2 protein chains.
Amino acid sequence: MKLLVVEDDPDLRRQLVTSLSGRGYTVEETGDGEEALYLGREFPYDLAIVDLGLPSLSGVDVIRRWRAEDKEFPILILTARGDWQDKVEGLEAGADDYLVKPFHMEELAARINALLRRAAGHAKPKLSFGPLTIDTVGRVVHRNGEVVSLTSFEYRTFEYLVLNAGKTISKTELTEHLYHQDYDRDSNVLEVFVRRLRQKLDPDQDLQPITTVRGLGYRFDLPVDSDSK
Amino acid sequence: MKLLVVEDDPDLRRQLVTSLSGRGYTVEETGDGEEALYLGREFPYDLAIVDLGLPSLSGVDVIRRWRAEDKEFPILILTARGDWQDKVEGLEAGADDYLVKPFHMEELAARINALLRRAAGHAKPKLSFGPLTIDTVGRVVHRNGEVVSLTSFEYRTFEYLVLNAGKTISKTELTEHLYHQDYDRDSNVLEVFVRRLRQKLDPDQDLQPITTVRGLGYRFDLPVDSDSK
DNA sequence: TGGGCCTTTCAGCTTTATCTCAGCCTGAGT
DNA sequence: ACTCAGGCTGAGATAAAGCTGAAAGGCCCA
């Protein structure tokens, strides 16, 4: 699950990012309206959290323009205590929910959950590939209906591969995504995780969901069942 | 895909090169403005990453002069956190996007992708030729819907030929592109790879996608389907 | 403080992509 | 038709890339 945090106050932003990534979300951040616009336009977020009180391009404008371009991800807006007018404006512009500062992280988390769950109805947070199913909201993987118990790391590795199904993902890209930092070439953690994933997802080795492309990376290759229900 | 990295800080430069080449790009690098100018002028890069804070010839000047000479490759500039103004100047000089240091490699990669995609013809970076399809982002080739399993080298060879479809590419050019440095002319590796490519792409020999031009090189010849949708 | 699980490291092993080589084929120029 | 440089082909060597099992290191929670 990939979130975008748009907040100009560096402290609050850091706090948001820390808390949310601690809860297992992949979080990207910006403090700039223009950049937010760009990011939301180019990348597939599952949800955006937008502070309305941005300098330069205002949060409301950002939202309006995303919506004008048919970006459908849920948007949660943050407003300062007094400014309820902003809130109305924001909702009219296309936001889905709001939260007044200051707030508890718990509450934010709860609303994010609710929004994602609701969005799940429209979108398709559950993907299936033959006997495999991944629920990106619940962060659960099923195999023939049974839960496959994955560790956090295994799950995130798998999720990234699945979300990029059909593409070859280099190990560098994968590790950078998982760790958000440089890739230590002399480690083979990834290989170990891929191995464990393969064992857990496909103990009988009949599906071979993850292909190794020597010299390039890994690729998740099963066809997506279009059971958008 | 060939990128040029222009960055004077040795650490950051190494990091960039490592990460990007790890992601499968062919990367060349320099820390010097003059040299950057020369390289960009002489070689056909698909994209350049330029740090604006260069010593001697400044990044902005390099860009300006490239653009004055009608070099069209996308340019992404890097600026230090504070230097807002530089960014504007850089964009005016002809850069296409910017990123403020420090940044995550993942974000850089995402922007590079977006720029390359945009440059490629606005649509998806997927090209097809009759039964053949190449996805330059996912680094996958399909033939009648089935994945053609190419090795890293085979893929890069094919990609280069495809991106230069219609042009005859000399073996020297190909090898120089594929290997960052000079290459032993007495080897016939290329021929070997071209052979394997032909076998894999066209086992029945009915398409003949790669033509040999005796004494000159190779040419990829299938008409590009304009499936820009 | 101790136990359990998750993550990372390590060393040895297997696989295979790349490159070399030697001989064969082909076609342009005589 | 003959020549010969340029290109093609198949088989094999080799070293890099990836895999594996076990064990060490961390972290969290009781």
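As the structure is a computational prediction, the values presented were derived from the model and not from experiment. Proteins get letters first, then strands, A, B, ... in listed order; numbering begins at 1 in each.
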Show the numbers, then the answer: is there a side-chain hydrogen bond (donor to acceptor under 3.5 Å, both in side chains) between A:Tyr155 and A:Glu159? CA-CA 6 Å; A:Tyr155 174 81; A:Glu159 185 189 72; 3.0 Å; yes
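- In this structure, A:Asn188 places its CG atom 14 Å from C1' of D:dA23, rounding to the nearest Å.
- The residue A:Arg196 sits close to a base: some heavy atom pair falls under 4.0 Å.
- Judged by atom type and distance alone, A:Arg214 does not reach the base of C:dA17 through any side-chain donor-acceptor pair under 3.5 Å.
- OP1 or OP2 of C:dC5 has not a single side-chain nitrogen or oxygen of A:Thr151 nearer than 4.0 Å.
- One interatomic measurement links the two molecules: CG of B:Leu178 to C1' of C:dT18, which rounds to 12 Å at whole-angstrom precision.
- Taking every heavy atom of both residues into account, A:Phe73 and A:Tyr45 meet most closely at CB-O, 3.4 Å.
- Residue contacts for B:Val192: at a heavy-atom cut-off of 4.0 Å it reaches a base atom on one of the strands shown.
- One atom, CD of B:Glu191, and another, C1' of C:dC21, lie 13 Å apart when rounded to the nearest Å.
- One finds a side-chain N or O of B:Lys171 lying less than 4.0 angstrom from the OP1 or OP2 phosphate oxygen of D:dG7.
- Nucleotide D:dG18 holds its C1' atom 16 Å from the CZ atom of A:Arg219, rounded to whole Å.
- Rounded to a whole Å, the CD1 atom of A:Ile210 is 14 Å from the C1' atom of D:dC19.
- Residues B:Thr212 and B:Arg198 bring a donor and an acceptor atom of their side chains to less than 3.5 Å of each other.
- Applying the 4.0 Å criterion to OP1 and OP2 of D:dG6, one finds that B:Thr212 has every side-chain N and O outside that range.
- Atom CD of A:Gln208 and atom P of C:dT15 are 14 Å apart (whole Å).
- Residue A:Ile210 is tested with A:Thr157, A:Val162, A:Leu197 for a side chain to side chain contact (heavy atoms under 4.5 Å, CB included); the sole match is A:Leu197.
- A close approach under 4.0 Å does not occur between any side-chain nitrogen or oxygen of A:Tyr155 and OP1 or OP2 of C:dT7.
- One interatomic measurement links the two molecules: CG of B:Leu150 to C1' of C:dA17, which rounds to 12 Å at whole-angstrom precision.
- Separation of the A:Tyr160 and A:Phe220 ring centroids does not fall under the 6.0 Å cut-off.
- Spacing between atom CG of A:Leu174 and atom P of C:dT8 amounts to 13 Å, rounded to whole angstrom units.
- Backbone-only engagement by B:Tyr218 is indicated by non-hydrogen atom pairs under 4.0 Å involving sugar-phosphate atoms exclusively.
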